[in-house]
Peer 1: 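Quick one: the structure is below, questions incoming.
Residues take their numbers from the sequence shown, with the count starting at 1.
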Amino acid sequence: MKKIQTTLAAITLIASAASAQTPWLHIYRTDKTFNTQRTESVKSIEHSPAAGKLTITGTDGNITSIPMNAVNKCVVGTNVPEIYVTLTEYPNATELWGAKDEVRKAVLSMDGMGIYNDIAETEVEFRGRGNSTWNMEKKPYRFKFSKKQSVCGLPKAKTFALIANHIDCSLMRNAVALKLAQLLGLPFTNHCVPVKVYLNGNYKGAYMLTEKIGIGGGSVDINEDTGILFELDTNFDEDFRQQSNIYRLPVMVKDPDLTEIAAKDPTGATNANTLFKNWMADFNEMEQAVANGKPFDKIDLNRFVDYIMVFNLTANHEICHPKSVYLHKDVVTDKYTMGPVWDFDWAYNFNNTGEGGGQANVVLFYDNSVGSKFFSTICRTAEFREAYAARWKEFKTTIWPALQQYMEEYADMLEPSALENGMLWPNPKYQSYTLKTTFNFRDNVNDLKTWLNTRVNYIDQSSNFGLY
């Protein structure tokens with residue numbers, strides 16, 4: 001029996017010796033499993049043709065034996081950061097429970113894998129997040145530091161979100177939409193960093209680390225004393241909320257905390273309810289301008305075009321209800337700016353044809369909903385149509401190629417953690433939907449690419465840009 005032994009030294013030559021990134025050995029297999037480990041923990045790799053096995057011996061003496069006919073490829077590359085959370089009072093719990101906003105004391109640390117700075121054990125507040133996503137088997141989370149700091153290169157903030165992307169077999173729907181918004185130049189667009197999450201030592205899967213939307217340097221960087229961040233959402237669950245006068249939109253104040261703003265007045269004359277009343281009057285003036293056919297007297301035209309383009313390309317029908325739709329202004333005399341964009345795991349025709357299709361009229365998908373009526377009124381104006389047509393030409397020339405390149409790079413980075421996630425969640429389900437597993441990651445990404453190409457072509461050929 002002839003054995004060919006390869007030491008780790010030979011393997012690590014594949015990785016850049018100058019890189020500070022932690023090299024990992026990824027073994028992609030054809031038998032619905034996956035092997036990955038740090039190269040520093042590998043003592044040797046033996047390939048025995050006669051036995052038909054690949055044997056990996058670890059520095060700890062553990063041996064992993066893999067049938068050669070199950071090996072698809074071996075790659076030395078990076079792995080995404082790992083976030084570890086231990087619940088201080090419930091160290092044996094395997095999952096959060098109860099209400100999503102119930103705060104738990106916890107200790108958080110992070111291995112940045114040489115890509116980002118590590119985080120030493122730090123006390124945080126840990127809780128759930130999301131609306132429909134909180135009721136899924138793979139839970140989304142939120143954590144809060146006692147003071148602002150950067151995590152994975154994101155702007156300094158106290159609070160960050162961990163998005164589960166449970167219904168997204170590509171784990172890329174949100175990432176692609178957010179990157180598109182960044183390429184279009186939409187202000188205050190969230191960033192996304194793929195990470196792995198462990199809760200009390202239990203692996204919870206692949207997540208997306210991102211900013212918590214709100215007024216502040218880590219998100220919507222406007223003056224909280226003079227500005228407003230509105231959210232239009234049928235969940236209608238914020239403290240200050242009211243339906244608008246004409247279109248009956250579910251308007252809520254996302255930020256700032258009007259009670260805190262009122263408390264800053266040393267005379268005590270400022271009242272939170274009065275502040276809200278004044279802001280709603282301003283919103284209703286904007287809505288009246290829309291009804292009068294002059295929306296861009298009150299709304300920034302270029303940013304509105306870019307905002308709608310993100311929803312259109314991804315066929316995100318959340319704008320119809322509406323749900324998770326944000327708009328803001330720094331001072332009351334400004335025009336409203338749409339954004340930041342948010343929540344794309346139900347996009348790309350998830351509710352309609354899964355990863356196929358791409359031929360949906362986004363703004364009028366639910367033609368009787370209040371969001372559809374409001375946004376379609378704006379999108380039918382001559383001013384919008386002219387600006388959108390011009391912007392679409394720019395998109396196809398420069399932004400679309402850049403977005404396609406980003407998808408390739410992001411997929412390469414994400415693949416190992418996507419396979420591990422698929423092993424943890426082999427049969428994902430939500431309500432009546434049977435979901436695809438992320439273990440078939442490359443197939444799922446190819447489906448997403450095909451869908452987007454179909455969508456681009458459909459918008460190109462539609463007289464109304466696929467909007468209505």
Peer 1: Any side-chain donor-acceptor pair under 3.5 Å between Lys32 and Asn440?
Peer 2: yes
Peer 1: Between Ala120 and Thr122, which heavy-atom pair has the shortest distance, and what is it?
Peer 2: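 Looking at all heavy atoms of both residues, the closest pair is O-OG1, 2.7 Å.
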Peer 1: Any side-chain heavy atom of Val370 sitting closer than 4.5 Å to one from Pro250?
Peer 2: yes
Peer 1: Check this for me: Lys100, atom NZ, are more than 12 non-hydrogen atoms of other residues, nucleotides or ligands nearer than 6.0 Å?
Peer 2: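 Counting other residues, nucleotides and ligands, NZ of Lys100 exceeds 12 neighbours.
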Peer 1: Let's go through Lys264 and Glu224 carefully: what are the C-alpha distance in whole Å and the side-chain angles of both, what is the deciding distance for salt bridge (charged side-chain N to carboxylate O under 4.0 Å, His left out) to 0.1 Å, and is it a yes or a no?
Peer 2: CA-CA 12 Å; Lys264 292 180 180 181; Glu224 68 172 8; 3.0 Å; yes
Peer 1: Specify whether Tyr141 and Tyr207 have parallel, tilted or perpendicular ring planes, treating 30° as the upper limit for parallel and 60° as the lower limit for perpendicular.
Peer 2: parallel
Peer 1: Using modelled atom types and a 3.5 Å cut-off, is there a donor and acceptor pairing between side-chain atoms of Arg241 and backbone atoms of Met252?
Peer 2: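 A pair under 3.5 Å: no.
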Peer 1: Can you tell which of Lys335, Lys277, Lys329 makes a salt bridge (Lys or Arg N to Asp or Glu O under 4.0 Å) with Asp282?
Peer 2: Lys329
Peer 1: Ring-plane angle category for Phe145 and Phe143, please: parallel below 30°, perpendicular beyond 60°, tilted otherwise.
Peer 2: perpendicular
Peer 1: Which residues pass the salt bridge (Lys or Arg N to Asp or Glu O under 4.0 Å) test with Glu285, sequence neighbours left out?
Peer 2: Lys298
Peer 1: Decide, yes or no, whether a salt bridge links Glu415 with Arg442 under the criterion of side-chain N to carboxylate O below 4.0 Å.
Peer 2: yes
Peer 1: Taking only distance into account, with no hydrogens and no angle test, what donor-acceptor pairs under 3.5 Å do side-chain atoms of residues 148-160 form with protein atoms, sequence neighbours excluded?
Peer 2:
residue : atom : partner : partner atom : Å
Ser150  : OG   : Leu154  : O            : 2.6

Peer 1: Are the side chain of Thr59 and the backbone of Lys43 linked by a donor-acceptor contact shorter than 3.5 Å?
Peer 2: no
Peer 1: Please report the closest heavy-atom contact between Asn79 and Thr36, naming both atoms and the distance.
Peer 2: ND2-OG1, 4.0 Å
Peer 1: Per the side chain to side chain contact (heavy atoms under 4.5 Å, CB included) rule, which among Leu199, Asp111, Val195 passes with Ile83?
Peer 2: Val195
Peer 1: Hey, are Arg127 and Glu125 close enough for a salt bridge, meaning a charged N less than 4.0 Å from a carboxylate O?
Peer 2: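 Glu125 and Arg127: not salt-bridged.
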Peer 1: Quick check: are there more than 12 heavy atoms from other residues, nucleotides or ligands sitting under 6.0 Å from CD of Glu121?
Peer 2: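 Check fails, neighbour count at 12 or below.
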Peer 1: Under a 4.5 Å cut-off applied to non-hydrogen side-chain atoms, are Phe395 and Leu313 in contact?
Peer 2: yes
Peer 1: Salt-bridged, Asp233 to Lys254, with N to O below 4.0 Å?
Peer 2: no
Peer 1: Which is it for Asn174 and Asp168 under the side chain to side chain donor-acceptor pair (under 3.5 Å) test, yes or no, and what are the steps along the way?
Peer 2: CA-CA 9 Å; Asn174 277 300; Asp168 177 7; 5.6 Å; no
Peer 1: Does any N or O in the side chain of Asn284 come within less than 3.5 Å of the main-chain N or O of Met280, such that one atom is a donor and the other an acceptor?
Peer 2: yes
Peer 1: Between Tyr366 and His321, how do the two ring planes meet: parallel, tilted or perpendicular, split at 30° and 60°?
Peer 2: tilted
Peer 1: Would you give the length of the straight line joining atom OH of Tyr336 to atom CZ of Phe296, rounded to the nearest 0.5 angstrom?
Peer 2: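 The CZ atom of Phe296 is 15.5 Å from OH of Tyr336, to the nearest 0.5 Å.
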Peer 1: Using 4.0 Å as the upper bound for N to carboxylate O, is an ion pair formed by Arg391 and Asp306?
Peer 2: yes
Peer 1: Output yes when a side-chain donor or acceptor of Ser219 lies under 3.5 Å from a complementary backbone atom of Gly214, and no otherwise.
Peer 2: yes
Peer 1: Verify side chain to side chain donor-acceptor pair (under 3.5 Å) between Asn444 and Ser170, making sure each step is shown before the conclusion.
Peer 2: CA-CA 5 Å; Asn444 299 336; Ser170 72; over 6 Å; no
Peer 1: Please determine if Arg173 forms a cation-pi arrangement with Trp346, meaning its NZ or CZ atom is less than 6.0 Å from the six-membered ring centre and no more than 45° off the ring axis.
Peer 2: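 No.
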Peer 1: Between atom CG of Leu327 and atom CD1 of Ile299, what is the distance when rounded to the nearest 0.5 Å?
Peer 2: 7.5 Å
Peer 1: Mind telling me whether Phe344 and Phe311 have parallel, tilted or perpendicular rings, with 30° and 60° as the class edges?
Peer 2: tilted
Peer 1: Under 3.5 Å, is there a donor-acceptor pair between the side chain of Asn421 and the main chain of Ala206?
Peer 2: yes
Peer 1: Just verifying a value: how many Å separate Arg38 CZ and Leu25 CG, rounded to the nearest 0.5 Å?
Peer 2: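 Rounded to the nearest 0.5 Å, the CZ-CG separation comes out at 13.0 Å.
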Peer 1: Considering all heavy atoms of both residues, which atom of Pro194 and which atom of Val80 are nearest to each other, and what is their separation?
Peer 2: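 Looking at all heavy atoms of both residues, the closest pair is O-CB, 3.3 Å.
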Peer 1: Flag yes if more than 12 heavy atoms outside Asn278 fall under 6.0 Å of its CG atom; otherwise flag no.
Peer 2: yes
Peer 1: To the nearest 0.5 Å, how far apart are CG in Leu258 and CD1 in Ile228?
Peer 2: 5.5 Å
Peer 1: Are Thr438 and Leu419 packed together at the side-chain level, in the sense that at least one heavy-atom pair is separated by less than 4.5 angstrom?
Peer 2: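 Not touching, per the 4.5 Å side-chain cut-off.
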Peer 1: Could you tell me if the side chain of Pro428 sits less than 4.5 Å from the side chain of His166, heavy atoms only?
Peer 2: yes
Peer 1: Using side-chain heavy atoms (C-beta onward) and a distance below 4.5 Å, is Glu89 in contact with Lys105?
Peer 2: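 Yes, close enough: below the 4.5 Å cut-off.
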Peer 1: For the pair Tyr28 and Phe34, name the ring-plane relationship: parallel under 30°, tilted 30 to 60°, perpendicular over 60°.
Peer 2: tilted
Peer 1: For Ser244 and Glu287, which I'm curious about, is there any donor-acceptor pair between the side chains at under 3.5 Å?
Peer 2: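 Looking only at side-chain atoms, Glu287 and Ser244 do form a donor-acceptor pair, the distance falling under 3.5 Å.
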Peer 1: Is Ser132 close to Tyr430 at the side-chain level, that is, under 4.5 Å between some pair of heavy atoms?
Peer 2: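 Yes; the side chains approach each other to less than 4.5 Å.
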Peer 1: Within the supplied structure, the quantity of interest is the number of heavy atoms (other residues, nucleotides, ligands) at a distance under 6.0 Å from Gln404 CD; does it exceed 12?
Peer 2: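 Yes, enclosed.
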Peer 1: Between Arg455 and Tyr348, is there a side-chain heavy-atom distance shorter than 4.5 Å?
Peer 2: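 No; the side chains remain at least 4.5 Å from each other.
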Peer 1: For the atom pair CG (Asn223) and CG (Asp330), what is the distance rounded to the nearest 0.5 Å?
Peer 2: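 It is 6.0 Å, given to the nearest 0.5 Å.
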Peer 1: Please collect all side chain to side chain donor-acceptor pair (under 3.5 Å) contacts where either partner lies in residues 185-196, sequence neighbours excluded, each pair once.
Peer 2: Glu82-Lys196, Asn190-Thr210, His191-Glu211, Lys196-Glu420
Peer 1: Which atom pair, heavy atoms only, marks the closest approach of Asn200 to Ala93?
Peer 2: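 Shortest heavy-atom separation between Asn200 and Ala93 comes out as ND2-O, 2.8 Å.
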Peer 1: Would you call Glu409-Lys179 a salt bridge at under 4.0 Å N-O?
Peer 2: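 No.
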Peer 1: From Glu394 CD over to Ile399 CD1, what is the distance, rounded to the nearest 0.5 angstrom?
Peer 2: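 Here the interatomic distance stands at 7.0 Å.
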Peer 1: Mind running side chain to side chain donor-acceptor pair (under 3.5 Å) on Asp60 and Asn62 for me, showing each step along the way?
Peer 2: CA-CA 6 Å; Asp60 57 2; Asn62 288 334; 3.0 Å; yes
Peer 1: Are the side chains of Lys139 and Trp97 in touch, meaning some heavy atoms are under 4.5 Å apart?
Peer 2: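 In short, these two side chains do not touch, never coming nearer than 4.5 Å.
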Peer 1: Measure across Thr437 and Pro426 and return the closest heavy-atom pair with its distance rounded to 0.1 Å.
Peer 2: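 In terms of heavy atoms, the two residues are closest at CB-O, 3.6 Å.
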Peer 1: Taking all non-hydrogen atoms of both residues, which atom of Leu229 and which atom of Gly339 are closest, and how far apart?
Peer 2: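 It is CD1-O, 4.2 Å.
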